Amino acid sequence: YFSCFTGIRLDVIGYYSSAQQGEVETVTRRKVKRLLSFQRYCHASRLLRGLVPHTPRSLHLLDDDYLGQAAHMLSKVGTWNFDIFLFDRLTNGNSLVTLMCHLFNVYDLIHHFQLDMVKLNRFLGMVQEDYHSQNPYHNAVHAADVTQAMYCYLKEPKLAEHLSPLDVFLGLMAAAAHDVDHPGVNQPFLIKTRHHLASLYQNTSVLESHHWRSTVGMLRESGLLSHLPADMSRDIEQRLGSLILATDINRQNEFLMTFREHLDNQDLDLQLASHRHFILQIALKCADICNPCRVWELSRQWSERVCEEFYRQGDLEKKFDLEISPLCNQQSDSVPAIQIGFISYIVEPLFEEWHRFTEPSLLSQTMLDHLHKNKANWSSLRCAHTPSDVQSRSQAEEPEGEVGEGSDIP
């Protein structure tokens, strides 16, 4: 099923094993029939692992598990210093499902769209399961973190009063599923190893296209939207695709320039559905890369996780005599250097425009304050680095003048 490169099987990155192939054959023999999209059959996820979807443990979240410390945290889910790592531990690894169920209740989306709770839990369970827990960064906790950030942005006064229930539904769904089934390697890796997904999507927005088509497959498999008119379901699928595809970092300048032009011309009209959709795209892009805008204690964890994932790819490339991708060389690419570059060239330009859009809001000012302090912290750490520090994958001590927890920002 998976292509080979230079005589190396792609199962070296853990996509499947001979035992799992046997499970797939067992599933085939049993002729398990499902309403799956073509992409759902193709991607290396639950079906290829031979697992039969089951009701997630979180089905009873609204009962026993929906109490105590997790429930207390949910009462503050709209604050910017929300600790998604703690929340994930309190929910026994079910942060994404728990958070989405809560937010759907907050916005009354279940009633508005007449959603079946069993189908909703089935869909959310599929999404959560199809994130790879072995990925240091691109996992279900990242998806939950992006969803929580998206909720904060949807509550921005400049935006909230104009949003329709469909806008909110699309924003939350896209945030939850935007990286589903991420393999832990980037698009250039898939292209140079001639992975089937690169061929399928013609080397363009490969991962984002896969996340979208996988989401569509799970929507159809779960039957979550089966009660809606066919044209409405198709429209939702297409809009989800437009949002998820916007997270392609290769399109960063395209969206940034359009956003800046709208703000310069003062021609954004949020009463227009097309303009609201564009702002949802920008909001999702912000949520996806907002880690440097969090308090230092959270931001640093995310930075170390994403760099660990880069380094794993670099180790894999080195092992099989492939050219090591940029930012993936543990020996030369330190965490502080990577983060300073990321903040300077990607994060700061986008969040400065978001700050203008919100006119500015207390949240956007808080995010910029954290961003500048975190950049200063990384600069201090980079100056303190020695060659041995670089090789230890950024285990340097905390810098002086540490950023504190901060107050709850609505």
Side-chain angles (χ1 to χ4, degrees), residues 77-78 80 96 99-100 103-104 106-109 112-113 127 142-180 205 208-209 211-212 215-216 219 224-225 232-263 266-290 293 346-347 349-361 363-364 367:
V77 72
W80 190 244
L96 183 58
L99 180 61
M100 283 291 284
L103 295 180
F104 269 47
V106 167
Y107 283 108
D108 199 27
L109 297 177
H112 182 86
F113 292 103
V127 172
H142 166 65
D145 185 62
V146 172
T147 302
Q148 190 271 336
M150 188 64 157
Y151 173 57
C152 292
Y153 301 157
L154 295 177
K155 290 184 338 99
E156 284 282 28
K158 180 71 179 291
L159 184 58
E161 64 183 20
H162 299 287
L163 295 174
S164 68
L166 181 58
D167 294 328
V168 174
F169 176 82
L170 290 169
L172 295 177
M173 290 280 281
H178 80 284
D179 271 333
V180 71
S205 297
E208 293 75 23
S209 297
H211 304 322
W212 169 40
T215 302
V216 170
L219 278 172
L224 180 62
L225 306 180
M232 184 176 183
S233 296
R234 285 193 297 270
D235 181 61
I236 289 175
E237 291 175 358
Q238 292 301 313
R239 293 194 193 191
L240 282 174
S242 177
L243 290 173
I244 293 173
L245 289 173
T247 63
D248 185 352
I249 202 69
N250 293 312
R251 301 179 65 191
Q252 187 76 5
N253 286 336
E254 168 195 338
F255 280 96
L256 180 61
M257 294 303 297
T258 302
F259 193 26
R260 186 172 290 155
E261 288 174 6
H262 278 305
L263 295 177
Q266 298 183 341
D267 60 1
L268 276 173
D269 182 359
L270 296 182
Q271 293 184 359
L272 298 176
S274 60
H275 284 201
R276 292 199 307 275
H277 185 78
F278 174 74
I279 293 301
L280 285 178
Q281 289 177 311
I282 297 296
L284 182 57
K285 291 179 67 62
C286 287
D288 192 27
I289 62 171
C290 74
C293 300
I346 302 297
V347 184
L350 182 60
F351 276 88
E352 286 171 355
E353 299 307 321
W354 182 260
H355 187 252
R356 288 176 62 196
F357 167 70
T358 61
E359 295 188 337
S361 68
L363 173 59
S364 66
M367 290 191 298

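All values reported here derive from a predicted model rather than from experimental measurement.
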Shortest non-hydrogen contact from I289 to Q252?
CD1-NE2, 4.1 Å
Does E208 use its side chain to pair, donor to acceptor, with the backbone of A246 at less than 3.5 Å?
no
Where do L103 and V77 come nearest, in terms of heavy atoms and distance?
CD2-CG1, 4.3 Å
Name all residues meeting the side chain to side chain donor-acceptor pair (under 3.5 Å) criterion together with H178; count only those two or more places apart in sequence or in a different chain, and write none if there are none.
H142, D288
By side-chain contact (heavy atoms from CB on, under 4.5 Å), which residues pair with T358, not counting sequence neighbours?
E156, W354, P360, S361, S364
Any residue meeting side-chain contact (heavy atoms from CB on, under 4.5 Å) with L263, in chain and number order, not counting sequence neighbours
F259, L268, E353, R356, F357
Taking the side chain as every heavy atom from C-beta outward, state whether H112 and F104 have any pair of such atoms under 4.5 Å apart.
no
At their closest point, which heavy atom of A174 faces which heavy atom of L240, and how far apart are they?
N-CD2, 3.7 Å
For E161, check salt bridge (Lys or Arg N to Asp or Glu O under 4.0 Å) against everything at least two apart and list the hits.
none
Kindly write out the residues that satisfy ring pair (Phe, Tyr, Trp, His ring centres under 6.0 Å) with H262, not counting sequence neighbours, or none if the list is empty.
H275, F278
Side chain proximity check, Q148 to C152, heavy atoms < 4.5 angstrom
yes
Using side chain to side chain donor-acceptor pair (under 3.5 Å) as the criterion, list what pairs up with Q266, not counting sequence neighbours.
none
Distance from L154 atom CG to M150 atom CE, nearest 0.5 Å?
5.0 Å
A149: partners by side-chain contact (heavy atoms from CB on, under 4.5 Å), with sequence neighbours left out
W80, Y153, A287, C290, R294
Using 0.5 Å steps for rounding, measure from the NZ atom of K285 to the CD1 atom of I249.
5.5 Å
By side chain to side chain donor-acceptor pair (under 3.5 Å) - contacts of D235 (at least two apart):
R239
Could you state the interatomic distance from CG (L96) to CG (D145), rounded to the nearest 0.5 Å?
11.0 Å
In Å, rounded to the nearest 0.5 Å, how long is the span from CE of M232 to CG of L225?
8.5 Å
Nearest non-hydrogen partners of T215 and A177, listed with the distance:
OG1-CB, 3.3 Å
Determine, step by step, whether R251 and E254 satisfy the salt bridge (charged side-chain N to carboxylate O under 4.0 Å, His left out) criterion, reporting the C-alpha distance in whole Å, the side-chain angles of both residues, the deciding distance to 0.1 Å, and the verdict.
CA-CA 5 Å; R251 301 179 65 191; E254 168 195 338; 2.9 Å; yes
Apply side-chain contact (heavy atoms from CB on, under 4.5 Å) to Q271 and list each qualifying residue two or more places apart in sequence or on a separate chain.
H162, D269
When rounded to the nearest 0.5 Å, the distance separating CD1 of I244 from CG of D179 is 9.0 Å
Minimum-distance pair of heavy atoms, taken over all atoms of S205 and L245
CB-CD2, 4.1 Å
Evaluate side chain to side chain contact (heavy atoms under 4.5 Å, CB included) for V127 paired with M100, printing each intermediate quantity in order.
CA-CA 11 Å; V127 172; M100 283 291 284; over 6 Å; no
Under the side chain to side chain donor-acceptor pair (under 3.5 Å) test, which residues partner N250, sequence neighbours left out?
D248
Should V106 and Y151 count as side-chain neighbours, where that means a heavy-atom distance under 4.5 Å?
yes
Roughly how far, to the nearest 0.5 Å, is the CD1 atom of I236 from the CZ atom of F113?
6.0 Å
Output, in order, the C-alpha distance, side-chain angles, deciding distance and verdict of side chain to side chain contact (heavy atoms under 4.5 Å, CB included) for I282 and T258.
CA-CA 10 Å; I282 297 296; T258 302; over 6 Å; no
Going by atom type alone, with no hydrogens or angles, which donor-acceptor pairs under 3.5 Å involve a side-chain atom of residues 165-173 and a protein atom two or more places apart or on another chain?
| from | atom 1 | to | atom 2 | distance (Å) |
| --- | --- | --- | --- | --- |
| D167 | OD2 | S164 | N | 3.0 |
| D167 | OD2 | S164 | OG | 3.0 |
| D167 | OD2 | R276 | NE | 2.6 |

Among all residues two or more places apart in sequence or in another chain, which pass the salt bridge (Lys or Arg N to Asp or Glu O under 4.0 Å) test with E352?
none
